[in-house]
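Let me begin by presenting the structure, written as structure tokens, before commenting on it.
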Amino acid sequence: MLNVPSQSFPAPSSQQRVASGGRSKVPLKQGRSLMDWIRLTKSGKDLTGLKGRLIEVTEEELKKHSKKDDCWICIRGFVYNVSPYMEYHPGGEDELMRAAGSDGTDLFDQVHRWVNYESMLKECLVGRMAVKPAIPKDYHEEKKVLNGMLPKSQVTDALAKEGPSSPSYDWFQTDSLVTIVIYTKQKDITLDSVIVDHQDDSFRAETIIKDYSYLIDIELSHEIQEDFSVRIVENVGKIEIVLKKKENTSWKCLGHPLENHNSLIPKKDAGLYYRQCQLISKEDVTHDTRLFCFMLPPSTYLQVPIGQHVYLKLTITDTEIVKPYTPISDSLLSEFKEPVLPNNKYIYFLIKIYPAGLFTPELDHLQIGDFVFISNPEGNFKISQFQELEDLFLLAAGTGFTPMVKILNYALTNIPSLRKVKLMFFNKTEDDIIWRSQLEKLAFKDKRFDVEFVLSAPISEWNGKQGHISPALLSEFLKRSSDKSKVLICICGPMPFTEQGIKLLHDLNFSKDEMHSFTA
Ligand code: FAD
Ligand code: NAP
């Protein structure tokens, strides 16, 4: 709610500006861009009206500040005076007012919990909510030195009822190796379910089990080498992380638990973890889109699941800015490599540079060798949606093509039941089409695949399809290979495009299970 809802950023003349519904951006007044906001926060102006004091805010006090020109909002226990920010909020003032004088945490999480409001709003901080006395928690169990025994997991009663059965871990050693074993108790666990980071002494392994996150977070008792391996013991839900000791000594314990070690919490409540990644290469793909390749640190193991995105973080004028991007494979024509290649150290992005944008010009200015922070993956696309699939239809507009890249590669290589894959790709002009020749070559190489380009602002010589997403275009395009064929339609693009597409698909009698829309 409090930062850029990056799903849509229509050009001032675009019809996206007049599209309604959802949480599209509202046009901002001249001089009210996020960059202008950042400048204001650096100007030294007193934005809280408290002359630099931080106060304790009671619920009664918070409720009193519920007007546009005096609007306080609480997020995760911290209270902000957002009145000065109103005109800069890309989602509009009304959206912000929904949380006026109250705890806006849930609303914020629903819309974009990844946004680093702490940084964006630090000059608006009024203080903390007055804390109600809480029953102290007995940390005795957690503070125990880990010696390979299984400490009690921090699983709440509610979780035990709704979530996956509680995972656990163990460890064993040889002279040269230490193996950490995670028992997920989930048969269908895959290599992209686990993310491992080792920085200094701290060792962190996050395992995604259904919609939950199981965390191992330990300060290791001894030094280890940079490289380690991760493997899955098929069908029993066991993950093994094999670490190489720096010295061949016997370890008495694995290490000391860090905060949230051995906890299982809903994924939506787990914070985003970032690591620094180095820019390796940058190539032009179209006049305004570039292919960026970043290298993960040697001591990170991370594979982004198909259909998921990550967040990139840069510090712009002393303010941390975060935006979502969808990793792709480096080409459409290579055989499908992920997620089977365990040592995949590179992560590719196709990113459009908006000259008047906040984040992308900064990204574009990075030199080879520079670093950005990249988060753990997020997203709700499930590979199980491909099961027994016969017809796959992809509707993409502009960079909304990015999730389709891995989907195309995976589906054409791994789904034996698949008969037909069709992509309808909406762009303004021919020059805007990403990977046109690769798409045409793929259609030539694989008879199941077909691509149609639709242009909204073509030159008069264009003899392909024209216009915007419409009932006529869709009903002609979405022809099943047989009456009862199993269908999946994936849609991604500017938010109003996606919303309109979903509405049209409903009108064409496709069910919810037959569509997937990509959003943040
Ligand atoms: P912004 O500052 O957001 O501005 C973009 C343009 O819109 C500029 O021209 C700006 O002047 C204009 N603008 C912005 N807000 C307003 C307003 N309120 N009124 C008037 N004009 C406005 N993009 C990719 O290129 N590749 C990807 O793989 C990708 N993946 C994504 C995945 C997800 C889940 C989501 C939600 C988005 C993804 N995006 C992707 C979009 C990306 O997150 C950013 O939104 C995009 O890069 C623009 O960022 P920016 O800060 O440079 O531009
Ligand atoms: P763009 O070039 O502005 O637009 C691409 C095409 O879509 C153009 O033909 C455009 O027509 C059309 N279009 C735009 N708005 C429309 C609407 N309301 N109804 C019908 N057609 C519409 O696109 P872009 O700049 O690349 O932006 C791509 C968008 O995809 C961004 O908003 C980005 O956030 C989003 N994205 C989301 C994800 C995700 O959620 N996972 C991933 C990647 C990208 P006009 O000529 O009329 O504008």
Side-chain angles (χ1 to χ4, degrees), residues 3-30 32-35 37 87-92 112 114 285-286 288-292 307-312 314 316 321-328 348-364 377-381 395-406 424-429 431-434 453-458 465-470 473 490-501 503-504 516-520:
N3 199 348
V4 188
S6 315
Q7 294 79 353
S8 57
F9 33 88
S13 59
S14 163
Q15 65 153 341
Q16 296 177 58
R17 290 255 165 263
V18 289
S20 63
R23 40 195 185 82
S24 309
K25 286 179 178 175
V26 298
L28 297 174
K29 287 183 205 146
Q30 194 75 27
R32 293 292 181 271
S33 71
L34 275 178
M35 203 60 217
W37 169 250
E87 290 192 320
Y88 299 82
H89 182 227
H112 37 215
W114 45 273
V285 174
T286 68
D288 59 3
T289 321
R290 322 243 189 279
L291 178 66
F292 289 84
Q308 297 204 7
H309 53 271
V310 293
Y311 297 95
L312 266 57
L314 282 174
I316 303 174
I321 305 291
V322 173
K323 294 270 164 142
Y325 294 95
T326 313
I328 57 160
Y348 295 90
F349 298 97
L350 262 173
I351 296 181
K352 176 166 169 178
I353 310 299
Y354 296 85
L358 179 62
F359 194 84
T360 48
E362 206 68 25
L363 201 62
D364 202 28
E378 278 208 339
N380 52 14
F381 185 82
L395 303 170
T399 55
F401 172 61
T402 50
M404 311 307 177
V405 174
K406 282 193 183 187
M424 185 169 263
F425 195 2
F426 297 83
N427 283 283
K428 287 187 190 349
T429 69
D431 289 346
D432 296 315
I433 303 175
I434 297 167
F453 301 110
V454 184
L455 300 182
S456 52
K465 292 212 156 55
Q466 304 195 15
H468 290 103
I469 194 164
S470 66
L473 275 179
C490 296
I491 179 160
C492 188
M495 203 56 176
F497 163 90
T498 306
E499 284 167 353
Q500 202 183 338
K503 190 185 162 294
L504 295 177
H516 183 92
S517 61
F518 291 89
T519 51

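Throughout, residue positions are numbered sequentially from 1 according to the sequence presented. Whatever order the structure lists ligands and atoms in, that order sets their numbers, starting from 1.
Relative ring orientation between F381 and H516 is described as perpendicular, the plane-to-plane angle rising above 60° on a 0-90° scale split at 30° and 60°. Using a 30° and 60° split on the angle between ring planes, F349 and Y325 fall in the perpendicular class, above 60°.
In this structure, of G379, P403, A356, the residue bringing a heavy atom nearest to atom 8 (C) of ligand 1 is A356. Across the listed options T326, L312, I316, T326 owns the non-hydrogen atom lying nearest to atom 32 (C) of ligand 1. The closest heavy-atom contact to atom 12 (C) of ligand 2, among the options E499, M495, H468, comes from H468. Heavy-atom proximity to atom 44 (C) of ligand 1, evaluated over Y325, F401, F359, is greatest for Y325. For atom 18 (N) of ligand 2, the candidate residues are G400, S517, P496; the nearest heavy-atom contact is made by P496.
Residue-level proximity to ligand 2 for T519 is carried by the backbone, the only part with a heavy atom below 4.0 angstrom. Contacts of K428 with ligand 2, taken as heavy-atom pairs under 4.0 Å, involve both backbone and side chain. Contacts between H309 and ligand 2, counted as non-hydrogen atom pairs separated by less than 4.0 Å, are absent for every part of the residue. Contacts of C492 with ligand 2, taken as heavy-atom pairs under 4.0 Å, involve the side chain alone. Neither the backbone nor the side chain of I328 comes within contact range of ligand 1; no heavy atom lies under 4.0 Å. Of the heavy atoms in V454, none comes closer than 4.0 Å to ligand 2.
The atoms of ligand 1 that sit less than 4.0 Å from any heavy atom of K352 are 25 (O). Interface atoms of ligand 1 facing T360, defined by a heavy-atom separation under 4.0 Å, are 47 (O), 50 (P), 52 (O). For ligand 2, the atoms lying closer than 4.0 Å to a non-hydrogen atom of T326 are 41 (N), 42 (C). With ligand atoms numbered from 1 in the order given, ligand 1 contributes 1 (P), 2 (O), 50 (P), 51 (O), 52 (O), 53 (O) to contacts under 4.0 Å with heavy atoms of L358. Within ligand 2, the atoms closer than 4.0 Å to a non-hydrogen atom of Q500 are 19 (N), 20 (C), numbered from 1 in the order shown. Under a 4.0 Å criterion applied to the non-hydrogen atoms of F426, ligand 2 contributes the atoms 5 (C), 6 (C). Atoms of ligand 2 found under 4.0 Å from any heavy atom of G493 (numbered from 1 in listed order, with element): 29 (C), 30 (O), 35 (C). Atoms of ligand 2 found under 4.0 Å from any heavy atom of S456, numbered from 1 in the order shown, are 8 (C), 9 (O), 10 (C), 11 (O), 45 (P), 46 (O).
Using a 4.0 Å cutoff on heavy atoms, D432 does not count as a contact of ligand 2.
Considering only heavy atoms from C-beta on, I351 stays 4.5 Å or farther from L291 through its side chain. Counting heavy atoms from C-beta on, the side chains of F401 and N427 never come closer than 4.5 Å. Side-chain contact between Y311 and E378 is present, with heavy atoms from C-beta onward closer than 4.5 Å.
The side-chain hydrogen bond (donor to acceptor under 3.5 Å, both in side chains) test applied to D432 returns H287, T429, not counting sequence neighbours.
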Using the side chain to side chain contact (heavy atoms under 4.5 Å, CB included) rule, take F518 and I491 through it: C-alpha gap first, then chi angles, then the decisive distance, then the call.
CA-CA 6 Å; F518 291 89; I491 179 160; over 6 Å; no
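Every N/O-N/O distance between T402 and ligand 2 stays at or above 3.5 Å.
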